[in-house]
Peer 1: 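Just passing along the structure, written as C-alpha cells.
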Amino acid sequence: MDSTLNVSRSMDNSMSMINQSISAKDSLDLSGKMLDRFFAADDSFPTLVEKMQITKSSQSVSGCTEYDYPKEGLGMPSITPLKSRHKIPLPGALLEQWNDAQNFHRKLGIFPSINRVWVTIDQEFFLWDFSEGTDLSYFDGMNSTIFAVALVPPKPNVFQAHIKHLLVLATGLNIAILGVTFKNVTGIDGKTVEQLELTTDTIYEVPTEGVITSKIVGTDNGRIFLASEDGNLFEIDYWKDLGWFSIGNGRRCKKVCHSTGTLSYILPSFLTYAITEPSAIIEVAVDNTRHILYTLTENSSIEMYDLGSDGKSTSRIVSLSHSNLEHQVSKLLRTIEIAQMTILSSIKIIEETESPNIHLLVVSKSGFRLYFSTGAITSSNTRPYTLQLVHIRLPPGYNRVIGESKPSSVQHVLYNRGTIIMACNTDITNYRPMLWCISPDEYAFSSNFSERYFITDLDMCPLSLDNIGPNLLIYNDPSSPQPPLIVRQQFENRQEYITLAPQGLEIFEMLRPYDTLCELLASSQGSETDAIKTYFKNFTDNQACVACLTIICDQSLKNIKIKEYATRAFFTHGGEPKLVTENLHESLHELTRVPQNNSFRSSNYSTSTIPSCMPTFIKNQTNITHLPFESTSVQYSSKHNGLYLFVSRLLRPLWNIKAVNMETTDGKTYIVNTVSPDDCSFVASHLQTLHSFMNNYSKMLANYTRIPFDASKRTAAQDAHQSESKSIECLKQLVVRSAEVFNLWKLLSEHQFFIIAKELLDQEQRVLENVTFKELILVHQELCQTLVQKLLDTYLNESSSVESISTKLRQVCPSIYHSEDAACAKASEMIKLAQSTVNEDERKRILYQSLMVLKEVAPKFNLTSVCLQYTNCAYMEGVYQMCTECAKKIDPKNLGGHYFVNNMVLDRDGPGYGAYMLRLDIYKEISASLDYLYSIMVKNSSVFIPTRPNLIPGILENSALTSEQSSNLVLI
C-alpha cells in the first residue's frame, strides 16, 4: 500500500494552468530543437584530413603560404595566449646535491599525474611535491646507477586497491618495481594533503642482462615496456600466480624481448651488436585507444608495434628507416634540404578523438611536422599494417615572409589536441632558449589549415617538458570526438604546461578565447576600443557574445567591473533580429554544404551554420503563389545566438549521455548515477547565473515594449523582434528546467541513489535505465517527480522529519517539487506520526492538523492515497472533509449538485453534467473507504468503526455494501 501523497494534476480544472502546462511543454520542445541545431553547428568544424586536403590517393604539404600562419592572429597581437603563471625553485637541499654531483650520472623529470618532480643522482632517487612545495621523499634501495625512471598504472586485479601506481627504476644491473600509495596527513596549517609512500620492499625485480634501459613507458591497462640503448623493446610481464619465475610473495614476472627473433635469446649481447648496428631508442609513444606502440631511435628510425585489438598482445609490424623516411619526404617536398625534415626529435600520438585517419605526428629538430597513417586513409577499422607519410607541415619562417623566426634545435615536444609546444636550445640562429607554441584553436572552423604561433624566451632550455591535466571542469566522455577549444572552453580549465630545469620549474597556462576578451576588457576599462571591435570582428559577433556570457557567468571571476564591461559589450555588439528573404534552394544548399578546403576564411566560425529560422513561431511565409522558391524568415541577432550557443556548450558533455549506469557488485546489480554531484552543481549554478542575467536584462533581450499586440500594426522589424523574444523566452524555460534537473540529480546522488532507484516500479526502472539527460529535461518530468517522492519515502520510512529535505527541494527544483508537494510531504509525516501515537486526543489533533494542511492545496494531490491513509487511521472525518473540500474547489458553483437536484435530466453536454461526474469520482473515495472498513469489520467484529456526519445523498449508490450495511456504517 502506498503511504505517500502523490501530486495529481488531473483534478485541477483551471484552464489557465492547463494552458500554461501546454505552453511550457511546447516551449521546451521548441527550445530543445533549436538547441540541437546549435549542437550540429558546433559539430560542423572541418576534420584534420579536410584541412590538410588529403585524399585517398594523394598526400599534401602546408605551411608554405601566408594564410597558413597569418601575420596577426585572431586574438590581439598584444596578448600572448601562453603565459607564465609562476616559477617554483627546487628545494635547496635537492639543488645542492644536484650541483655537487656534476661528475655523476644525474637526471630529472616530472610525474604530472601526481604533481611530483623526480631526480636521480647516481643510485639515489628523490621525489618532490611541487604543488605543495613539501613532501621530499628519498629512496636509496638501488645498488647501482639509475638510468631510467617511470610511473605507470598497475594491471587490474594484481595488487590491493591502495596501490595506485607502480614506480619502475632501471639500473645497469636490474629493474625494480615498487608500489606507490598515498595517505592523508594534516599539516601544521590544518590543511589535509596526500603524502606519497613507497612500499618498503621491491615488489618485482628482474636482471637487465647487461642491457642499459633508455626509456620506460606504461600502458593504460598496466603493461610495462622498456626501451634499450641497443635499440630493442622489452616488456616486464608480471602477474600473481605461483610459478618457476616467482620472485617473492607468490608473484611472477619476466622480461620479454619484442624487437628481435629467437636469435636474440640464444646469442649474448656482444654478438648481437656485431651482427646489427644498434641505435638507442630515445622515445616510446603508446596509443592507448588504438593499441599501437611506436619507438624512435637516435638515428631517426621509427618502429611500430601492434598491441592487438584488446591491447594484450605484441607484434612488430614495420620499421621505417631513416633512408626510407628521406625517400618518402623527398617525393612530397624537394625545395627544402631533406636533413632539416628527417633528423627527428620526437614522436607524438594523434588521438582517435582528434582524427580517426591520422595516427602519428613526428617532429624534426627544425620543427617540421610529419603526419603518418598506419593504414588506408579512408578506413579506421583495420589493424595497423604500414607507416605512410600523408602530410608535411612546414614550421613558421618558410612561407616567404621576410624576417620571420624559425624554430631550430628542438629538444622537447608536447602535443595536445592540435597545439604543439617545442622547447628549443641555443644554436647559431637562437641566442636564447625558446619555447615555441603553435596552435590552431583560433581557426578551428576555417577550412584552411591555419595556425597561430608565438615565442617565449626561457632562462635555460628545460630538461623536461610536460602538460598538467586533466583540466576538465565537468565530465566529458573521452571516447567521443572532441570539438575545438572555442566550444570546449566553458567546461575546461586553462591548459597548463610545465618546464623543468635544474634551477626549478616554470608553469605556463594557455589562455582560452574568452580569457583573451577578459584581458582586453580589463585593459580598456570598459571603453569601446579598436582592440575589442577587432575581437568581435575576427571571432564573429556570435562567438564573441558567447565569450561575453562566459565571462558574466564565470563564478571564479570576482571582478565585478569586468562582468559589467562584458555585459555592455554583449548588448553593444549583439545586434538586432531582422526579416530576410531567402531562396529556399540556396538556403538548403548552404545548410548542407561541406566547406571547401581551398578557401580561406578569416573568421573562425561561419554564421551561415547557425540556424536562422525555426518552425511554429519563427518562420513567416510569403505568398508562395508569386514566390514559390522564396520565404521570409527571421535572422536572429548575435545576442540570441550567443545565448543558445552558451547553453548548448554548457550542456554539451551531458546532454546525450544516459543519466544512470548499471553496476554489479558481489553479484548484485545496482542503478547508479553517471554524473557526480560536483558536475551537477557546476552545470546548475552556471545555468542559474545565466537565468539571473536573462531576468535582469529581460527588457533589453525581449524588446516587448516595441511590439504592438495587433499583428496588422506591426512592422517587419517588430515581427522579427517578437519571434526572437519568443525564442529567448523558450530558452529561459529550458534553462530553468535544466538547472532544476541537475540540482535534483545532485540531491539524489547525495542520498544513496541506488536505494531510491530500487523503489521504482519495474516499468519506471526500465525507463530510468535508458533515459538521457536530454529526455529527462524535455520529456520525463513525471519520472523526476516520482524520484522526488521516493526520496521523501526514504525519510518517512525511517521516521525522519521531511521538513528540511522538503525545504531543500522547494529551493532547488520548485517546478518539479511544487508547494502542494511540500504540503503533501508534511501531511504524510503527520499521518505517520499519528499512527504511532498512543494518546487518542493527541492522535486526533495531529490528524486534524494534517487535514488543515491538505485543505490548503486541495485538490492538487492524489485523493485516493489521502483517503486510504486516513482510512488506515480510522479517521473517517478526514475522509469526508477531504472529499467535500475537493468537491467544493473543483465545482465552486455547485453545478453538479444543481444537475443532481434536477433529476439528471439536463443536457449532458452542459457544464452541470461534467461537474456532476467529477463530484461522483470524488464521492467514490468515500464509498471505497466504507467498503474497506466493512471488510475489516466482517473479519474482526471487535473493530470499532468511527462515526461521522451524514453523507450527501447518492454517494453510496455504487458501493459494494447493501443499503442496510451502509446505514449501519454511517449511522450517527
Side-chain angles (χ1 to χ4, degrees), residues 28 31-47 351 353-354 417-418 441 444-445 469-495 512-514 539-540 542-555 604-606 609-611 640-659 673-676 678-691 730-732 734-743 745-746 771-779:
L28 289 175
S31 55
K33 289 178 180 177
M34 178 69 86
L35 212 60
D36 283 337
R37 296 191 179 195
F38 280 91
F39 283 130
D42 272 344
D43 286 333
S44 67
F45 58 92
T47 65
E351 299 289 346
T353 54
E354 183 183 352
R417 287 188 281 196
D441 288 332
F445 287 91
N471 61 340
L472 296 175
L473 294 171
I474 59 175
Y475 169 83
N476 185 29
D477 184 3
S479 63
S480 62
Q482 297 300 303
L485 178 63
I486 198 168
V487 177
R488 306 190 319 265
Q489 63 179 337
Q490 286 172 236
F491 53 85
E492 282 191 14
N493 267 321
R494 298 178 183 181
Q495 180 62 54
R512 297 157 294 188
Y514 90 86
F539 273 99
T540 74
N542 286 342
Q543 299 301 321
C545 281
V546 179
C548 290
L549 291 171
T550 308
I551 294 171
I552 293 165
C553 298
D554 187 350
Q555 296 171 354
N604 69 334
Y605 198 91
S606 173
T609 61
I610 297 295
H640 171 279
N641 293 341
L643 286 166
Y644 268 95
L645 277 171
F646 178 87
V647 174
S648 70
R649 291 172 181 178
L650 182 61
L651 295 176
R652 184 186 185 90
L654 309 180
W655 186 246
N656 286 311
I657 68 170
K658 288 187 177 181
N673 57 311
T674 55
V675 182
S676 71
D678 288 343
D679 287 354
C680 291
S681 180
F682 177 89
V683 174
S685 60
H686 279 73
L687 288 171
Q688 288 166 337
T689 305
L690 178 66
H691 183 251
C730 289
L731 177 64
K732 189 187 295 186
L734 178 67
V735 167
V736 171
R737 177 63 59 83
S738 301
E740 292 191 12
V741 167
F742 284 110
N743 273 326
W745 227 245
K746 175 178 182 290
V771 74
T772 63
F773 279 106
K774 172 185 176 180
E775 293 165 341
L776 270 179
I777 292 166
L778 299 181
V779 181

Peer 1: Could you state the interatomic distance from CG (L485) to CD (Q490), rounded to the nearest 0.5 Å?
Peer 2: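 If I round to the nearest 0.5 Å, the distance is 11.0 Å.
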Peer 1: Look at the side chain of Q489 and the backbone N and O of Y514, then say whether any donor-acceptor pair between them is shorter than 3.5 Å.
Peer 2: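 Answer holds: yes.
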Peer 1: Hey, are the side chains of Q543 and P513 touching, using non-hydrogen atoms and a 4.5 Å cut-off?
Peer 2: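 Answer no - side chains too far apart.
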Peer 1: Side chains of N641 and F38: closer than 4.5 Å at any heavy-atom pair?
Peer 2: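 Counting from C-beta outward, N641 and F38 do come under 4.5 Å.
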Peer 1: How close do A444 and P46 get, heavy atom to heavy atom, and via which atoms?
Peer 2: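 Shortest heavy-atom separation between A444 and P46 comes out as O-CD, 3.6 Å.
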Peer 1: Nearest 0.5 Å, what's the CG-CZ distance between L35 and R649?
Peer 2: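 L35 CG to R649 CZ: 11.5 Å, rounded to 0.5 Å.
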Peer 1: Taking the side chain as everything from C-beta on, heavy atoms only, tell me whether V546 gets closer than 4.5 Å to I486.
Peer 2: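 In short, these two side chains do not touch, never coming nearer than 4.5 Å.
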Peer 1: Could you tell me the separation between the CG atom of L549 and the OG1 atom of T689, rounded to the nearest 0.5 Å?
Peer 2: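 Going from the CG atom of L549 to the OG1 atom of T689 covers 11.5 Å.
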Peer 1: Once you round to the nearest 0.5 Å, how far does CG of D36 lie from CG of L778?
Peer 2: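 Rounded to the nearest 0.5 Å, the CG-CG separation comes out at 8.0 Å.
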Peer 1: In terms of the angle between their ring planes, are F39 and W655 parallel, tilted or perpendicular, with boundaries placed at 30° and 60°?
Peer 2: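 The arrangement is tilted - the two ring planes meet at 30° to 60°.
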Peer 1: Treating E740 as the side-chain partner and R737 as the backbone partner, does any N or O pair qualify as donor plus acceptor under 3.5 Å?
Peer 2: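 Checking the backbone N and O of R737 against the side chain of E740, no donor-acceptor pair under 3.5 Å is found.
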Peer 1: Check the pair V487, F445 against side chain to side chain contact (heavy atoms under 4.5 Å, CB included), reporting the backbone distance first and the verdict last.
Peer 2: CA-CA 11 Å; V487 177; F445 287 91; 4.1 Å; yes
Peer 1: So, taking the atom named CG in L643 and the one named CE in M34, what distance separates them when rounded to the nearest 0.5 Å?
Peer 2: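 It is 11.5 Å, given to the nearest 0.5 Å.
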Peer 1: Is the side chain of S681 donor-acceptor paired with the backbone N or O of D678 at a distance under 3.5 Å, no angle test?
Peer 2: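 Not a single qualifying donor-acceptor pair exists.
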Peer 1: So, do L731 and H640 sit near enough that their side-chain heavy atoms are less than 4.5 Å apart?
Peer 2: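 In short, these two side chains do not touch, never coming nearer than 4.5 Å.
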Peer 1: Looking only at heavy atoms, what is the nearest atom pair of K746 and C680, with distance?
Peer 2: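 Shortest heavy-atom contact: CB-CB, 3.8 Å.
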Peer 1: Treating H691 as the side-chain partner and L687 as the backbone partner, does any N or O pair qualify as donor plus acceptor under 3.5 Å?
Peer 2: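 No.
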Peer 1: Please check if the side chain of Q688 supplies one atom and the backbone of A739 the other of a donor-acceptor pair under 3.5 Å.
Peer 2: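 Side chain of Q688 to backbone of A739, a donor-acceptor pair under 3.5 Å: no, none is there.
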Peer 1: Would you call the rings of W745 and F773 parallel, tilted or perpendicular if under 30° counts as parallel and over 60° as perpendicular?
Peer 2: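 Perpendicular: the ring planes of W745 and F773 meet at over 60°.
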Peer 1: Without swapping roles, check the side chain of T674 against the backbone of A659 for a donor-acceptor pair under 3.5 Å.
Peer 2: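 Present.
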Peer 1: Are any non-hydrogen side-chain atoms of I777 and F742 less than 4.5 angstrom apart?
Peer 2: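 With C-beta onward as the side chain, the pair touches.
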Peer 1: First locate atom CG of L690, then atom OG of S685, and finally report the distance between them rounded to the nearest 0.5 Å.
Peer 2: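 Here the interatomic distance stands at 11.5 Å.
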Peer 1: Apply the salt bridge (charged side-chain N to carboxylate O under 4.0 Å, His left out) test between E492 and each candidate in R652, R417, R512; give the one that qualifies.
Peer 2: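 Only match with E492 under salt bridge (charged side-chain N to carboxylate O under 4.0 Å, His left out): R417.
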